[in-house]
Structure formats: structure tokens, C-alpha cells
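One-based numbering along the sequence shown.
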Amino acid sequence: MHGRPIRPIATRAATLTVALFAAAAAAAAEPASFFTALDAYGNNDYAACGATLSDLYTHGIPFPDGGELLLIECTAAAGDHAAAFAYVDALLAGGRLLLEDLRTKQRPGLNALRADPAWPAVLQRVIAEEKKHEALRDAPLRQALLAREAKDQTAQHAAIAAGGGDAWRQTAPVSEANATWLKAVIAEKGWPGITRVGRDGAKAAWLIVQHADHDPAFQAQALALMQTAAETGDADAADVALLTDRVLIAQGKPQRYGTQFKSTADGVMELQPTEDMQTLDARRRAVGLQPLEAYKAMLSDSYGKPVR
């Protein structure tokens, strides 16, 4: 439908998201970011990757979902196991890593850590910390969120496969039912953040809100809750940015992070009005989003349409 906002395809909070961001990392020269670090990793320059991510981490610049594992991987692959283990402890304390990733991901740095004599003791701390986080989680709510996310994605992908346009109407019943359910959850329990439902559950909650275009007031309400949660690391900064743009566009204002596009009459995906384009990539970098041109390339590949 002409003018309908484009919905970026959601991806599960993945670990070490090399495949998803490879094209972005290979984009034109840009200030040091997660994506330039990923490019260095792809070139086996583990020291440069680790140094870049360490600097971003020190300055509090967020990583994309799963990006924290790359910090550990590059640091360990560069040979600094002590620093890598320190990052494990720090990130686990903040609920930023999953035990399964540390145990099973086959990567040069992670494999080296597991072979280190210090690994068994670190693993015990990892297990103990993970049990603490598990005790705080609402498992039934997390599962309910993931189930609703799955329904959302089935409807979204079906609409994309049908070419968009009027096919988006098929997603409305699922989006509306999910939003009604989540409203009731929030009224009873508050925002389902990372601490309560895990990173994948929190991502599912955000996705439900992001697709609740029929209820902009609910989106604005949820944005305020997510902004508060993000201050303590209980929501992802990139998710907050995406929802911020959604809310601003619904209010007739320019978006802030350049995440929202619309389909034009000639089938092109076009960036919706965005404030201060000169500093846009700096704002995107500050919340863990790739540069705009790399994002456009990803959208074009996902939707099979030209993007401008």
C-alpha cells in the first residue's frame, strides 16, 4: 500500500551475529564501531577487533544483540585470556550473556578459553550467575511472549512473500490480538524486561509493540517504559531507537534514527522524514545501529526492493 511503513524483518536475539552484519561491516569507511570491529574479525585481525570493542564497551556504547560475545571472542583470540575472563564475569553479572553460547560456540577465541586451565573455575561462576538470573525470570511469561512472536513473524513473512501492499492487512488480526494481550500483561506486571523474561522474551515484547501501529497510544506508553528499562540495561537501546522512530512518525514528526521506510508508488522503499541527516549515523552508532547505507543494503536484500 502506498505510504505504508516498512517493517524491518525481526531477528531473534542471536549470538555473535556475523552472518547478519557481514554486509554492513564491509560498507564504506566509517568511525570505529561494532561493525568496523566485525570487519576486523572477518579479516582475522583479532587485536583490532578486541581493541575497538573494548573502547566501545568502556564508553558505554551498546552492541547489537549478541555482540557482547564478540568482545570476549576477539579479546581471547588476540591472546588476552585474563581480560576475556574479566569480560565474562562483568557481562554475566549484567545478564548480557547466555551460558549456552559460552559452552558451545565454536570460535577460535572461545575454544582457546575453554582449553585454558582457568576455564573450569570460570565456568562454575558462570553457572552460579546464570542460576541467579534464572531464578528471577518468569518462565511462563517468556514462553507466552515467544509464542506470540512466532505468530507475528509467520504473518509478517507471509505478507512479505505476497509482495506487501494489501497483503499487510493479513497481519492485522495477529498484531491486534498480541497488543491487547501485552497491554493486560503490562497492566498487571509492568514492562517485561530482560531480567524478567530474558533477552529473547524482551525482544518479543518489543516486537509486539513495534507492530501495534493500530494503537499509537499504546506504542507511546510502551516506549516510555522501555526508555526507563534501558537506563538499567533491562531493554536494548537499538529496540528503543526503533520504537522511538515508530512513535515519532505516528505523531507526524521526523524520525530520529532513520529506521522507518515507506513504499512508494513505483515500488521503491524510501526513508521517511528524518531529523538532522548530517549527524544521523552518529546517533545510530550511539545506540548500536549500523550506518544508514549499510541498513539500506540489508533492507533491500531482505525485501528484494530498491531502497533510497
Side-chain angles (χ1 to χ4, degrees), residues 11-22 24-26 30-134 136 194-195 198-200 202-203 232-234 236-238 285-290:
T11 55
R12 184 64 55 83
T15 57
L16 207 58
T17 49
V18 175
L20 178 62
F21 295 112
E30 60 184 88
S33 69
F34 176 86
F35 304 97
T36 57
L38 187 58
D39 193 27
Y41 182 75
N43 291 324
N44 298 325
D45 191 348
Y46 304 129
C49 174
T52 297
L53 294 179
S54 177
D55 184 64
L56 297 175
Y57 178 78
T58 299
H59 287 87
I61 295 176
F63 299 157
D65 280 343
E68 291 83 4
L69 192 65
L70 187 62
L71 170 61
I72 295 169
E73 163 64 17
C74 288
T75 303
D80 194 344
H81 290 192
F85 283 135
Y87 285 134
V88 169
D89 287 332
L91 292 167
L92 275 169
R96 302 293 293 182
L97 289 175
L98 297 176
L99 178 57
E100 188 66 19
D101 298 330
L102 295 171
R103 282 179 166 172
T104 65
K105 281 288 181 180
Q106 296 299 304
R107 300 288 186 268
L110 296 180
N111 292 343
L113 285 187
R114 297 187 198 106
D116 191 295
W119 172 252
V122 172
L123 181 59
Q124 290 305 309
R125 294 199 299 275
V126 167
I127 292 172
E129 193 65 38
E130 185 69 10
K131 286 181 178 178
K132 290 181 184 178
H133 291 295
E134 287 294 336
L136 297 174
I194 294 170
T195 300
R199 296 183 68 80
D200 53 358
K203 177 72 69 176
T232 59
D234 214 28
D236 277 329
R285 177 178 180 269
V287 294
L289 293 173
Q290 68 265 59

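Under the 3.5 Å distance criterion, the side-chain polar atoms of Asn111 are matched with a main-chain donor or acceptor of Arg107. The backbone N or O of Ala32 sits less than 3.5 Å from a side-chain atom of Arg285, completing a donor-acceptor pair. Between the side chain of Asp116 and the backbone N or O of Ala112 there is no donor-acceptor pair closer than 3.5 Å. Here the side chain of Asp234 pairs a donor or acceptor atom with the backbone of Ile194 at under 3.5 angstrom.
Looking at heavy atoms from C-beta onward, Leu56 lies out of side-chain contact with Leu71 at the 4.5 angstrom threshold. In this structure, Pro120 and Leu123 have side chains that are not in contact, with every pair of non-hydrogen atoms separated by 4.5 Å or more. Within the 4.5 Å cutoff, the side chain of Thr195 has no heavy atoms near those of the Thr232 side chain.
Here the straight-line distance linking atom CZ of Arg199 with atom NE2 of His133 works out to 11.5 Å at 0.5 Å rounding. Interatomic distance, CG of Leu69 versus CG of Leu102, reported as 6.0 Å (0.5 Å rounding). Residue Ile72 holds its CD1 atom at 11.0 Å from CG of Leu53, rounded to the nearest 0.5 Å. Atom CG in Leu113 sits 13.0 Å away from atom OH in Tyr87 (nearest 0.5 Å). The OG1 atom of Thr104 sits 6.5 Å away from atom CZ of Arg114, with the distance rounded to the nearest 0.5 Å. The distance from atom OG1 of Thr36 to atom OH of Tyr41, rounded to the nearest 0.5 Å, is 15.5 Å.
Of all non-hydrogen atoms in Ala84 and Thr75, the two that sit nearest each other are N-CG2, 3.7 Å. Contact record, Pro64 with Gly288: CG-O, 3.6 Å, taken as the closest heavy-atom pair. The nearest pair of heavy atoms linking Leu92 to Glu130 is CD2-OE1, 4.4 Å. Residue Cys49 comes nearest to Leu70 through the heavy atom pair SG-CG, 4.2 Å, listed as atom of the first residue, atom of the second, then distance. For the residue pair Ala238 and Leu289, the shortest heavy atom distance occurs at CB-CD2, 3.9 Å.
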Apply side-chain contact (heavy atoms from CB on, under 4.5 Å) to Arg103 and Ile127, showing your working. CA-CA 10 Å; Arg103 282 179 166 172; Ile127 292 172; 3.3 Å; yes
Walk me through whether Tyr46 and Asn44 qualify under side chain to side chain donor-acceptor pair (under 3.5 Å). CA-CA 6 Å; Tyr46 304 129; Asn44 298 325; 3.3 Å; yes
